[in-house]
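As the structure lists them, so they are numbered: ligands from 1, and atoms in each ligand from 1.
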Amino acid sequence: MQTRNASPDLRLADIKEDGRLRLHFSGIVQGVGFRPFLYRAAEKFGLKGFVKNTSAGVTLEVEGGRLSEFVRHIVRHAPPLSRIETLRFETIPVRHATKFNILASNPHGQKNVLVSPDIALCRNCQKEMADPGDRRHAYPFTNCTDCGPRFTIIEDLPYDRPQTTMKGFKMCPDCRREYQSPSDRRYHAQPVSCPHCGPKLKLLVKGRERKGDALALALKILRADKVLAVKGVGGFHLACRAASAAAMARLRHLKQRSGKPFALMADLAMIRQHCLISQKEKELLTSPAAPIVLLAARPGNKLVARIAPGQNRLGFMLPYSPLHRLLIEKMGEPLVMTSANRRDEPIIFRDADTELPGLSNAILSHDRSIHTFADDSVVCSFDKEIYFFRRSRGFVPLPIRLPFSSPETVLALGAMLKTTFTLIYGNLALVSQHIGDTETATALAAEKQAVSHFLTLFARRPSLIAVDSHPAYPNRLLAADFPHCEIVEVQHHRAHIASLLAESGETGKVLGIALDGSGYGDDGTVWGGEFFLGNLRGLKRVGHLLPQFLPGGDAAAREPWRMALSLLLALPGAEKTAGRFADKFGLKGEQVLESIVQRRGGVMTSSCGRLFDGVAALLGMGDRNSYEGELPSLLQAEAEKARPQKKPYPFAIENKAGIFILNMLPAVAAMLQDKRGRAEKARCFHLTLASGLLDMALNCTCVSGIQKAALSGGVFQNTLLLKMSRDLLKKNGFQVLHHTQVPANDGGISLGQAALAAAKYHKEL
Ligand code: ZN
Ligand code: ZN
Ligand code: FE
């Protein structure tokens, strides 16, 4: 996944075998065992010279013959976590060196190095932890050049210990020996430490440190069904026993989170007891990024009702840090591991945070600080490929390669929910960690801090700032920090489509289908079911869902009963059915009335997310979303209970002044008449929407003959709809693009904003 090496364009024939060869590597070549690898390779070939880290990557000079063979060897066998982006070489006069040396880093010069993401505990380190004779037996902070924290502990480049949060720990003689020995696995592993010289665990209750074995005390807290805050790699988790109803109730109360699913941590054997795991899913779980993977729960599984009510999947991750491994091993059962945060805010990562004690019964912490935060990533396997819901720890800050080189340095600030930001320079796009919902001052401050960390690490100054065209999104305020930059406004759904084009390397024209919650439209109404033709140079709106009234504006996203009423009121014979529906939900007459009034002068929306909200409420999945997209995700789980179907409900497509409009009201009417069970109806609704998308695609492309469709937007987190739509489009001759590198939801928005802003100034696209 992240081990792909660019195949550098090498002309080996140009190498003079009797000369001295100077090679410059760029990419992820620091902190991943690259220099010791080159050292060992040079030894193997009997070459003399030196290697050193620079601010631009790694420089190597060698002489002594068999040079082209040597170069071929290093390109082919580079360390698994490294990623060579470029490799330049030149021949210089021989210096008759007698040794091969590893030289100290030069801290100056233009920075052009990529930073490694945080890497899950490797097999070798696991083995040592399990070995009672090893000096790192059961050591909660073990790591080596193949694993350990990186992005979250690096303050600046080049990546050397004094520039990390390990700078305060003085290596003991044993650790220093390992650190200095090129043949050792820990050679130049910057966070290297051991029980003598490294960080120490501590346990705090009510702000006071408890005496004794912190780990043993922490286990006691967990076994007593209490909630333990645990300092991990990119922040604090709240942990408790997943199997305990009392612990779960306590956690839901502390986090004020009624129905939202929690992530779980367990080893593979434990996960297998609860979920079915495909080969690809196993690969994702055990990958160096160790994300949370959404897995199909075994039928009748008892955890689901408590952990993820109404869902058919559970999100599991492996214990990716040595401390996590100790906790899971000693507990012998799955733990809930949810980010410690206030609702919709970024993960807490500082010990001094004043909210932490209120969220937990005790805190298991330590004295290695976290420089920047990173939540766990959330993925699933779709079509044997990775599909992101959240791209964060383990992936950030790996670059996404663009299909063009940007003449400008662009900083895109993202949207409002699930915010990320993106930095583009040259042909690289660096998408930030998950920030959260930037409606609060804390989240905004977190984005500001993370932006400044990125700009320091990569030593860039933006010349363009891209923002959402919504005039009231709070993170626009951050643009004020860059007074000399041009501001480029990007419409939300164009950004969704552009994010997919950028990550797919697509420069040709496509039909973009953005099915989404809501975003600010060109006409000031709320968009969210949009069809565009074009490419990164411009996307023209050619179709949309039939706009519906949005009773209560933003409140409708939290209270799907409003959209249900809106849909009912749009059907013939509306008032009666609407009244019955209102009774069923115990809504007061005024509320219905209010909706009707709103209907006559209210906001309109073409949002597909709101359509899902309304349909889910009409099918009795609930009347409120306790978290974003709750009812639509329950509707997907419901639909997945039913068998595949062939015949969709009716729908209509109109053409108004050259714009195609998909009207799903006939489907809603037919669904209300349908006598089948709820699962069948939910499935049929999915099929109808997919069929509607196909007909829209055929209509929208009939003049241009474009045969490529790009599917993005938050609604495409629904993998059932994604699969149905993709299959139908493919069957009818379309090539279909879907996300594999950033989420379809607003976590991908900043990449699309940045790509569109950059492309605006690119002449050849
Ligand atoms: Zn390791
Ligand atoms: Zn030590
Ligand atoms: Fe969106």
- Please work out whether the ring planes of F34 and F37 are parallel, tilted or perpendicular, with thresholds of 30° and 60°.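 Ring orientation of F34 relative to F37: tilted.
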- Return the orientation label for the H188 and Y179 ring planes: parallel under 30°, perpendicular over 60°, tilted otherwise.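 The rings of H188 and Y179 lie parallel, inter-plane angle below 30°.
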- Centre of Y320's six-membered ring, under 6.0 Å away, within 45 degrees of the axis: is that where NZ or CZ of R393 sits?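 Judged by the rule (NZ or CZ under 6.0 Å from the ring centre, within 45° of its axis), R393 counts as positioned above Y320.
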- Task: Please determine if R136 and E178 form a salt bridge, counting it only when a charged side-chain N lies under 4.0 Å from a carboxylate O.
- Result: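 Salt bridge present between R136 and E178.
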- Task: State whether R494 and D522 are salt-bridged, where the test is any N-O pair (Lys NZ or Arg NE/NH1/NH2 against Asp/Glu carboxylate O) under 4.0 Å.
- Result: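 A salt bridge links R494 with D522.
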- Task: Can you measure from CG (D516) to OG (S606) and round to the nearest 0.5 angstrom?
- Result: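 Between atom CG of D516 and atom OG of S606 there are 10.0 Å.
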- Minimum-distance N/O/S atom that D746 presents toward the Fe ion (ligand 3):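 Minimum-distance N/O/S atom of D746 relative to the Fe ion (ligand 3) is OD1.
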- If you look at H492, which of its N/O/S atoms is nearest to the Fe ion (ligand 3)?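 That would be atom NE2.
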- With the Zn ion (ligand 2) at the apex, how many degrees lie between SG of C175 and SG of C197, rounded to 10 degrees?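 SG of C175, the Zn ion (ligand 2) and SG of C197 span an angle of about 110°.
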- Query: Rounded to 10°, how big is the angle at the Zn ion (ligand 2) from C172 SG to C194 SG?
  - Reply: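 Centred on the Zn ion (ligand 2), the SG/SG angle is 100° (to 10°).
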- Message: If I take the Zn ion (ligand 1) as the centre, what angle separates the SG atom of C144 from the SG atom of C122? Nearest 10 degrees is fine.
- Response: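 Vertex the Zn ion (ligand 1), arms to SG of C144 and SG of C122: 100°.
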- Please work out the angle at the Fe ion (ligand 3) defined by atom OD1 of D516 on one side and atom NE2 of H496 on the other, rounded to 10°.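 About 80°, to the nearest ten degrees.
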- Message: Taking backbone and side chain together, does H196 place any N/O/S atom at a distance below 2.8 Å from the Zn ion (ligand 2)?
- Response: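 Checking the Zn ion (ligand 2) against H196, no N, O or S atom falls under 2.8 Å.
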